[in-house]
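Reckoned from all heavy atoms, side chains included, excluding hydrogens, waters and symmetry mates. We name chains A, B, ... by the order of the sequence lines, and we start the count at 1 in each one.
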Amino acid sequence: MKIQEADAKSLLLTQGLPIPDWSVARTPAEARTAAERFFAAGAGSVVIKAQVLVGGRGKAGGVKLAATANEAEAVAERILGLSIKGIPVRKVLVAAAAVIVKEYYLGAILDRASRRIVVMASAEGGVEIEEVARATPEAIHRASAHPLLGLFDYQARELAFAVGLGPHLKSFVRIAKGLVATMKVNDADLVEVNPLAIVRETGPEGPVERLVCLDAKITLDDSALVRHPGLEEMRDLDEEDPADAEARHHDISFIHLDGTIGCMVNGAGLAMTTMDLVKRAGGEPANFLDIGGGAKADRVAAAMRLILADSKVDAILVNIFGGITRGDEVARGLIEARARQSREVPMVVRIVGTNAEEAAHLLRKANFETAASLDEAAEKAVAAARAVATEATSAATPATGGAA
Amino acid sequence: MKIQEADAKSLLLTQGLPIPDWSVARTPAEARTAAERFFAAGAGSVVIKAQVLVGGRGKAGGVKLAATANEAEAVAERILGLSIKGIPVRKVLVAAAAVIVKEYYLGAILDRASRRIVVMASAEGGVEIEEVARATPEAIHRASAHPLLGLFDYQARELAFAVGLGPHLKSFVRIAKGLVATMKVNDADLVEVNPLAIVRETGPEGPVERLVCLDAKITLDDSALVRHPGLEEMRDLDEEDPADAEARHHDISFIHLDGTIGCMVNGAGLAMTTMDLVKRAGGEPANFLDIGGGAKADRVAAAMRLILADSKVDAILVNIFGGITRGDEVARGLIEARARQSREVPMVVRIVGTNAEEAAHLLRKANFETAASLDEAAEKAVAAARAVATEATSAATPATGGAA
Amino acid sequence: MSILIGRETRLVVQGITGREGEFHSRQMLDYGTHVVAGVTPGKGGLTALDGRVPVFNTVADAVRETGANTSCVFVPAAGAPDAVLEAVGAGITTIFCITEGIPALDMLPTVEVVRQAGARLIGPNCPGATSPGRAKVGIIPGSIHREGTVGVVSRSGTLTYEAVQAMTDAGIGQSTCVGIGGDPIIGTTFLDVLQLFAADPETEAIVLIGEIGGSAEEEAAAWAAEHLRGVPMAAFIAGRTAPEGKRMGHAGAIISGGRGTAAEKVAALETAGIRMASSPTEIPALLRAAGYRG
Amino acid sequence: MSILIGRETRLVVQGITGREGEFHSRQMLDYGTHVVAGVTPGKGGLTALDGRVPVFNTVADAVRETGANTSCVFVPAAGAPDAVLEAVGAGITTIFCITEGIPALDMLPTVEVVRQAGARLIGPNCPGATSPGRAKVGIIPGSIHREGTVGVVSRSGTLTYEAVQAMTDAGIGQSTCVGIGGDPIIGTTFLDVLQLFAADPETEAIVLIGEIGGSAEEEAAAWAAEHLRGVPMAAFIAGRTAPEGKRMGHAGAIISGGRGTAAEKVAALETAGIRMASSPTEIPALLRAAGYRG
């Protein structure tokens, strides 16, 4: 689960990391109030950043400076009117604009291959780090945290010297260890600070330079949310497709796509394979949907609602290989769901494995179209969708013509 | 550093362990108030326990029950008047007397040989556990905590089943892990609960049995106190020899003994050896005293004051093998200390190693008695003490005779 | 022979009295697996599966009393890592963890302790393994198998069943089928299993079923390119049309060095001389084409 | 030959720019030890000891640039465990930790990580080691030594000096003297060092200097009884008259199984055929009596 920058910063702050103060505003007026506070505290200008869970907000005009409270209000209004990659901006973060001396990259990630938390640092911060990885991989320095003890101080020191942050050694060590601590405490997969920056500030005895986290990105392990009720509250429901919430509620793994063939499968690998075969047969999957192991009739019904809620769906392909999941349970769920469904969509069902015969009997009785193999099921579903689309086009064309 | 039962219980409570409520009283009146509180809450009787850092308080009459507030006050008065192993009782702990169904032993200790925290449990609780270890060692069950990860749940479960606490499995696991957590969080060498007890309590739905810690004993690692300022405050200055406080203040390792020959040595092993050789020469050491490495004149002077504060000291043996410690520094400290010392005591000094020659020169000029070898030094010191003692006796005898 | 499990397997089921544990233990027992013990703390002394399997409080007790050498963990996610460590502590050398939903960071120390103890963990979130005709451990339906000489290794559950069923339908039997699990942090990788198959005299061909994400398939391919040139192999990668990964952000893309897409995995496997299926049903024909005659 | 250190030792001193680190590095250098590098984070690029030793920011840098294979840690207690781990991480195989006052629980994971890496830690809170005429690492005064063939191992600092001086005065030289340190949790025990001496062709006799507390002397005695019967040995135990231990309570007495007193240690050592001195000055005569002719 991704969380917003402001929430990520809160989690880093809890670990004692140096993060300049910020406010979150939902309206231009709130942004103005926040900006006034920073100006009163001596800020030369403020930065206003769109809070969206997709990347590239800078390029999309979602990050702007403002030199006065008036300007801050106006800028916030513009940003709050944006849609970034289809996501409407509903919140902005307001903070005093930092005087940046130099930007760095620092990230901690769970690395599958080494089964370690890997901490990465680079002197090329503030830019797309994938770009750096591609163009100059040697500019990214890595340290592999001990699987039982975490990141040792000396490893953080090595990174600090590698990226030229020797003069900020203690601060860097604290921040790098804080990233790993943040991962552990919150069960995060990823904790990124980009940029980590040396900023110039005015202290009581003149200008001082210090190392601070200017941005923060955290991804949480969904499997661990049950033990972090506080983090579950950071889920941004504003940005979430309502279908996602319903899928989550029913323990269904669901990702909405652009095609016309709704898929209902048990198992993630088989679900992806089903999508691949739909594509091979010339169709486009409308979703990834894994009903999980041991699904009962009610979960099948919920999955059907999710699929049908997508108006683009022209046909449904159900592919179940029973193991823990009992085929007859699924069949019953399908029959029940069809009886109550809002619109009629052709459906192709393939059920093999545990209790497949009983399932076949039930489906036959209810006049479902079935298939023996997955390949056949995919082909039938694509054909059915094509027929629906052709019908719709031929139905629509005269109507449009008639209105013209 | 040992801490009092009440402090140990506070540390266990911080880790969420089940410990019946208690109060600490310094006067009979305070004990009465505390007892009244427990009686008001429904206690049938209260237990009053002497708070001293030495063992065997039960046998010494330091643990008593009281059935009324009047009795509690009287009992507290008696206990507060006791001296246990030479330590006057200055505080008592007051708690509701538990209805004990069965007592167990549970302890966690830092084991040098295995370099692990070892957790021990026994169904023979509430008694001297050394007795159990001697008579029926198989009645003590052990689990060795992982050096990096601590005690695993399954290890705690194994202990629970081994001692017959399966019916209180979850509670036992929480307590056993809590002991190890208490060790780690506070840098303790030892955390002991004896007895760990099943007690019968009256819940809202009738009598219930639960597992609670009825006593607690914790020893802290002195080396780690610097990072636990809160724990340093648990040092019981009431019970401490003022000499101990002064020794600690000067980073001197000092243990007061019963003999007549004061010893000042650098290094713990050499200090013990010096004591051994004093004994072999027929004398009795008055103390163990290690001035540590690199001692300067002021620390030498402080050590001298500590030794002379013991009126039983008849002679002083100084044995320094210079390594980090410079012999001339020690010699200078001795000369300075003698010039200011309150009473005249014969002293034998042996200084070898770093800057020994310069030290010898200084000592010769100041008319100190010196020795070349440690054996010789011990013999000379014992002889000197004997001479003093004989002189004192011959001086004392006529005087007594004269008075009679 | 077979790998990981076989006739010499003496299985203890951790969590045998739970709903899933009991159901699948019965399946395993019926398949012929030597299920010698179950463990449920607090139920020691009872029996499970109509008196057919004794239940113990601890794995140590089970090992001492029954000589169990392999464990299958059905304990819920919160207790599963500890259950794995308990098995290791009791001297079990092969541990299958079926449990799903274990937080990934819990598995980091767990797999490390298992490794240090010289034991082997398969999973978590894996379907287990079957050596047809000998033993099955886990939740793979026994009915899809056929005795034979093809080793199957997969990250998926039901997708594996699909592939195995296709093989069985085509008359191709399996030496052992292993589901290694799809979680980010797992105990046994594709590479580990390939090495076991390479050392198994009864395994004559290998099928690898992968997925997008991570780089485990690429690592296995690199090893196979060097060590398995003479072995008939076929593979399938699920997720050719899947949208970009939703879990990992910038750092994920960096750490995998740009790897992890289906196209890259397919390329790596093809470079290693492994025949790639575009549907699981193609696997039997590809094995034949690769020279498999079993 | 010698054990642990010798002519092939290439030493990096961690904390070389501190007061103690600098003082003793100079002593080591003057003794003839190859002090090839120092480490002080933030002082990389500078030199220490009047330009004689280059200083690096990290041990990894020092190893890469100078081929250091041994480390001596003078870093203050709060940072010392990390310094030891840094040395291990950089591939150093022999690490002497002189630092005193490290909390015991900090050493539990440290010694375990060292062990797992196959490295060796001596200390903490130890005086180091000297192989007379070859190298000295740590703080033992070089002047008390004489080249020879007696191996000395001790838990104490100055008590060791006393014993070594007595040997040197009596014309008995040492192959290597090792101070293993007196802390509760140490990296290298008496037993470990006895095994090293047993394997060293140049060590012909062994002196062991112990103290009350713990059971390390007893464990060493048990091993010596089996493996060192032909080797002339003498030992001294400090603390025969010391009062009962003030650190450990009930559980301590239990865990040591009633062992740890001087009388018990002396008995264990005598049973192993080791001659016991009642003063360090007796050691030379006991070695001769045990048949040592070096």
Side-chain angles (χ1 to χ4, degrees), chain B residues 15-16 101-102 104 106 108 111 114-123 138-181 183-184 196 198 208-211, chain C residues 12-17 37-46 54-65 68 71 73-92 95 97 99 102-103 105-117 119 121:
Chain B
Q15 296 303 317
V101 178
K102 180 157 172 47
Y104 300 81
L106 185 64
D111 176 37
S114 66
R115 296 167 181 139
R116 296 275 193 284
I117 290 172
V118 173
V119 179
M120 291 177 293
S122 176
E138 70 281 3
I140 298 178
H141 301 272
R142 291 172 169 78
S144 195
H146 190 281
L148 281 57
L149 297 172
L151 190 74
F152 297 130
D153 280 28
Y154 81 85
Q155 296 180 297
R157 289 199 300 271
E158 286 175 350
L159 286 177
F161 290 117
V163 301
L165 271 170
H168 292 269
L169 190 62
K170 280 191 184 165
S171 177
F172 180 88
V173 168
R174 216 164 33 237
I175 294 170
K177 295 190 76 171
L179 255 59
V180 175
M183 278 190 86
K184 292 203 167 180
L196 173 70
I198 300 176
V208 288
E209 294 191 349
R210 67 178 188 121
L211 201 60
Chain C
V12 52
V13 178
Q14 294 177 252
I16 196 169
T17 57
V39 168
T40 298
K43 299 206 175 167
L46 305 179
V55 178
F56 299 91
N57 283 323
T58 68
V59 180
D61 288 349
V63 168
R64 191 171 45 247
E65 299 297 324
S71 163
V73 175
F74 285 101
V75 173
D82 182 66
V84 170
L85 296 175
E86 178 173 4
V88 172
I92 297 282
I95 302 147
C97 185
T99 311
I102 302 175
L105 289 183
D106 286 2
M107 290 312 298
L108 288 186
T110 306
V111 298
E112 181 67 11
V113 172
V114 170
R115 192 187 65 73
Q116 282 171 12
L121 169 68

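With rounding to the nearest 0.5 Å, the separation of CG in Leu149(B) from CD in Glu112(C) is 9.5 Å.
Residues Tyr154(B) and Val59(C) are not in side-chain contact: their nearest non-hydrogen atoms beyond the backbone lie 4.5 Å or more apart.
With a 4.5 angstrom heavy-atom cutoff, Val113(C) touches chain B only via side-chain atoms.
A distance-only check finds no donor-acceptor pair linking the side chain of Asp153(B) to the backbone of Asp82(C) [under 3.5 Å].
When all heavy atoms of Leu85(C) and Phe152(B) are compared, the pair lying nearest together is CD1-CE2, 3.5 Å.
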